[in-house]
A.B. asks: 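What follows is a single structure, and I will ask about it in a moment.
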Amino acid sequence: MRLAQAQRHGYDDAVTSPAAILHQMFGFTAFRGVQEAVVDRVMARRHTLAVMPTGAGKSLCYQLPALAREGTALVVSPLIALMHDQIRSADAFGIRAASLTSADPDEERQQTLQRLKAGELDLLYVAPERASTPAFRALAARTKLALIAVDEAHCVSEWGHDFRPDYRLLKPLLDAFPEVPRLALTATADKATRADILVQLGIPDDGLIVAGFDRPNIRYHVRPRDGVGQQLKALLAEQPGPGIVYVPSRDKAEKLAEQLSTPGRRVLPYHAGLDPRVRARNQAAFVASEDMVMVATVAFGMGIDKPDVRFVAHAGIPKSVEAYYQETGRAGRDGEPAEAWLFWGAEDFARARARLETEVPAERRGGERQRLNALAAMVETGACRRALLLRHFGEQPPERCGNCDNCLAPPVTLDATETARKLLSAAFRTEMRFGVQHLTDVLAGRETEKVLSFGHHRLSVFGIAGEEEVALIKPVARALLARDALRADAYGGLSFGPAAKPILKGEQALELVLPPKRTRRARANRDANPEGDPLFDALRACRRDLAQAAGVPPYVIFHDSTLREMAAVRPTSREALARVSGVGAAKLEKYGEAFVEVVRGFE
């Protein structure tokens, strides 16, 4: 740690190594995963791209060098809410952090500028829109810079799932300070995206550090949508702790939030159409809560650094596998067990493919089709979901993970190629104008009024499906829509997609996955305090009171894992508490006595 920092925190000059700062400031005895390799490169002033899964401690990779190097670290971040959340967490560790954003009052902005000029900031957060301006480059030129960090770096790449043009304009800022180490960070970047980030941000190939994408604490589940309100009610009844439910529209966010809310569980909506004050109030309530559920559009989440989210559910398909990985990654950032649920329907893919053809620029459609096909493969697979997810990002995982729905309860798979060919033939013979129910009636040989009025009882496909095949038509149609072998028009009429021909000609099979019936699980096995330890409950209550008094979320004080270790080792002095993982010098000074008193009360 540099001398000024050491003196400010009461340390002697010997506290200079990253390992010493890690222990003194953050309360950890060892780095996790690739953190040390990333920090070492930054300390050596080498440009780096770190691809690390959510929850792997990306922020520490720039926070620690910011304390160890002279000057202020610039952190480019895409959302104001995310900046403020990270500033809160940094402040709890005794790190001097501030932001320059359009939302800051003039007085606060001037104060931040004065602190920057006086060298009184360790971290300065800015949005890419501001960081890319000549005025900000001029400000940076008058500032001693420790490093430049670019968070959510996948936004710089057109190959990425969340491309933002403003990120492309950061290169002049980076090029203006070639000797200042630059650190790009992301949790979601496939091989093509990683290569593009390196080029766009001027990072050499040997600067790429990939930590791996596996989140072993997250259990993945995928189910066909069948009354999603009831499906989510069942999930909430079994799953305690904070949760996020993603929905495809603003209207669904409000309706589903109302439907899921119960006297014992607060459920609130979040979307861009809400009054900004309501939106901010709902977000603040969620961040501070230990059991609340937020029903939200994808506008929610990137700006939330809440580590104790116990589940993420999707009431419809996400935009891509990358988006799914990022959104589900908001669960279990504390490393504790968490769950990810996806409820999908064939109409999700039909709508997504229609939007692709009408709203996506022609030059990007090929890549977007590939993303949608990869997502379809993930929801349809009968194999290990985690393995498929990790292979998408270029890894070679084991065939089974033991912690996804397909590994825990292997589904039944059957060859439904012949049924698929019959359904495709029926769509063709009826001039590709009718929906799945009418085609089912035709194939089943039902002489309904509609079948008779169109003369479809005289077609060669009338009645060619047996009773067992008829039961499969709906899931077969869902699979064909997901694969783009069938497409649905605005009225539900089914027509051929590009994947229809190989199936009709017998060149490609259709394997159907039938998920097992879901069994009810016990709620208690996923509780934050599964052993019912009264000391742990008392420590949580103490944390809650301190958080309310400080106006911060409980997790900013300490994570559940730190409280669990306190309950296990029962420290009755500040010296003993300092040995608990996650208790750094600043937190020991602010909160130590309160927690030690709670422990003493149980002696």
Side-chain angles (χ1 to χ4, degrees), residues 1-6 9 15-26 28 30-77 83 86-87 89-90 93-97 116 119 121-126 128 131 140 143-156 167 170-171 173-187 189 194 197-212 584:
M1 185 180 294
R2 57 185 185 257
L3 179 61
Q5 283 281 11
H9 291 286
V15 186
T16 57
S17 73
I21 297 172
L22 180 73
H23 183 238
Q24 293 279 13
M25 288 291 291
F26 298 94
F28 300 120
F31 287 101
R32 285 192 292 151
V34 301
Q35 283 179 330
E36 187 170 17
V38 175
V39 169
D40 284 348
R41 280 190 63 92
V42 176
M43 294 300 295
R45 297 196 302 180
R46 300 169 71 190
H47 302 333
T48 306
L49 166 59
V51 183
M52 302 166 65
T54 303
K58 289 191 294 296
S59 58
L60 183 139
C61 293
Y62 61 78
Q63 289 174 342
L64 195 153
L67 296 173
R69 290 178 55 80
E70 289 291 339
T72 300
L74 297 182
V75 184
V76 179
S77 185
M83 296 181 204
Q86 290 174 334
I87 289 169
S89 296
F93 284 112
I95 301 170
R96 302 171 301 175
L116 179 66
L121 285 178
D122 303 314
L123 299 172
L124 178 66
Y125 288 86
V126 292
T143 304
K144 177 68 174 176
L145 297 180
L147 68 136
I148 302 175
V150 181
D151 203 6
E152 307 292 346
H154 57 274
C155 294
V156 79
Y167 267 72
L170 291 173
K171 192 69 163 24
L173 172 69
L174 301 174
D175 289 345
F177 306 98
E179 299 303 314
V180 175
R182 66 193 66 161
L183 172 61
L185 301 126
T186 180
R194 295 196 292 266
I197 294 171
L198 293 174
V199 172
Q200 297 299 331
L201 297 182
I203 297 170
D205 290 346
D206 66 359
L208 174 63
I209 295 179
V210 181

A.B. asks: When rounded to the nearest 0.5 angstrom, what is the spacing between CG in Leu64 and CE in Met25?
C.D. replies: 8.5 Å
A.B. asks: Shortest non-hydrogen contact from His47 to Pro204?
C.D. replies: CB-CD, 4.0 Å
A.B. asks: Please assess Arg96 against Leu124 for the test side-chain contact (heavy atoms from CB on, under 4.5 Å), listing each intermediate value before the final yes or no.
C.D. replies: CA-CA 9 Å; Arg96 302 171 301 175; Leu124 178 66; over 6 Å; no
A.B. asks: Kindly indicate whether the side chain of Asp122, heavy atoms from C-beta on, has any atom under 4.5 Å from the side chain of Thr72.
C.D. replies: no
A.B. asks: Can you give me the closest heavy-atom contact between Val180 and Leu147, atom names plus distance?
C.D. replies: CG1-CA, 3.5 Å
A.B. asks: Say you draw a straight line from OG of Ser17 to CE of Met43; how long is it, rounded to the nearest 0.5 Å?
C.D. replies: 9.0 Å
A.B. asks: For a quick test of reading the model, state the closest non-hydrogen atom pair linking Leu183 to Ala50 and the distance between them.
C.D. replies: CD1-CB, 4.3 Å
A.B. asks: Any non-hydrogen side-chain atom of Leu174 less than 4.5 Å from a side-chain atom of Ile148?
C.D. replies: yes
A.B. asks: Hey, does the side chain of Thr186 reach the backbone of Ala184 with a donor-acceptor pair shorter than 3.5 angstrom?
C.D. replies: no
A.B. asks: Set out, in order, the CA-CA distance, both residues' side-chain angles and the distance that settles side-chain contact (heavy atoms from CB on, under 4.5 Å) for Gln35 and Lys58, then state yes or no.
C.D. replies: CA-CA 8 Å; Gln35 283 179 330; Lys58 289 191 294 296; over 6 Å; no
A.B. asks: Can you check whether Ile209 reaches Leu49 side chain to side chain, under 4.5 Å on heavy atoms?
C.D. replies: no
A.B. asks: Heavy atoms, side chains only, cut-off 4.5 Å: are Leu170 and Val76 in contact?
C.D. replies: yes
A.B. asks: Using every non-hydrogen atom in the two residues, find where Ser77 and Pro128 come nearest and quote the distance to one decimal.
C.D. replies: O-CD, 3.4 Å
A.B. asks: If the plane angle is over 60° it's perpendicular, under 30° parallel, otherwise tilted; pick one for Phe26 and Phe93.
C.D. replies: tilted
A.B. asks: How many angstroms lie between CD1 in Ile87 and OH in Tyr125, if you round to the nearest 0.5 Å?
C.D. replies: 6.5 Å
A.B. asks: Between Val39 and Tyr62, is any pair of side-chain heavy atoms under 4.5 Å apart?
C.D. replies: no
A.B. asks: Any chance you could measure Gln86, atom CD, to Gln63, atom CD, to the nearest 0.5 Å?
C.D. replies: 7.5 Å
A.B. asks: Passes side-chain contact (heavy atoms from CB on, under 4.5 Å), Thr143 versus Leu116? Steps please.
C.D. replies: CA-CA 7 Å; Thr143 304; Leu116 179 66; 3.7 Å; yes
A.B. asks: Heavy atoms only: give me the nearest Ala189-Arg194 pair and the separation to one decimal.
C.D. replies: O-NH1, 2.9 Å
A.B. asks: Would you check if Tyr167 and Gln200 make a side-chain contact, meaning some heavy-atom pair closer than 4.5 Å?
C.D. replies: no
A.B. asks: Which heavy atom of Pro65 sits nearest a heavy atom of Leu60, and at what distance?
C.D. replies: CD-O, 3.8 Å
A.B. asks: Can you tell if the side chain of Lys171 reaches within under 4.5 Å of the side chain of Leu201, non-hydrogen atoms only?
C.D. replies: no
A.B. asks: Say you draw a straight line from CG of Leu74 to CZ of Arg182; how long is it, rounded to the nearest 0.5 Å?
C.D. replies: 12.5 Å
A.B. asks: Taking side chain as C-beta onward, heavy atoms only, is Pro18 less than 4.5 Å from Glu36?
C.D. replies: no
A.B. asks: Kindly compute the distance separating NE2 (His154) from CD (Glu152), expressed to the nearest 0.5 Å.
C.D. replies: 5.0 Å
A.B. asks: So Leu145 and Phe177, side-chain contact (heavy atoms from CB on, under 4.5 Å) or not? Walk me through it.
C.D. replies: CA-CA 9 Å; Leu145 297 180; Phe177 306 98; 4.0 Å; yes
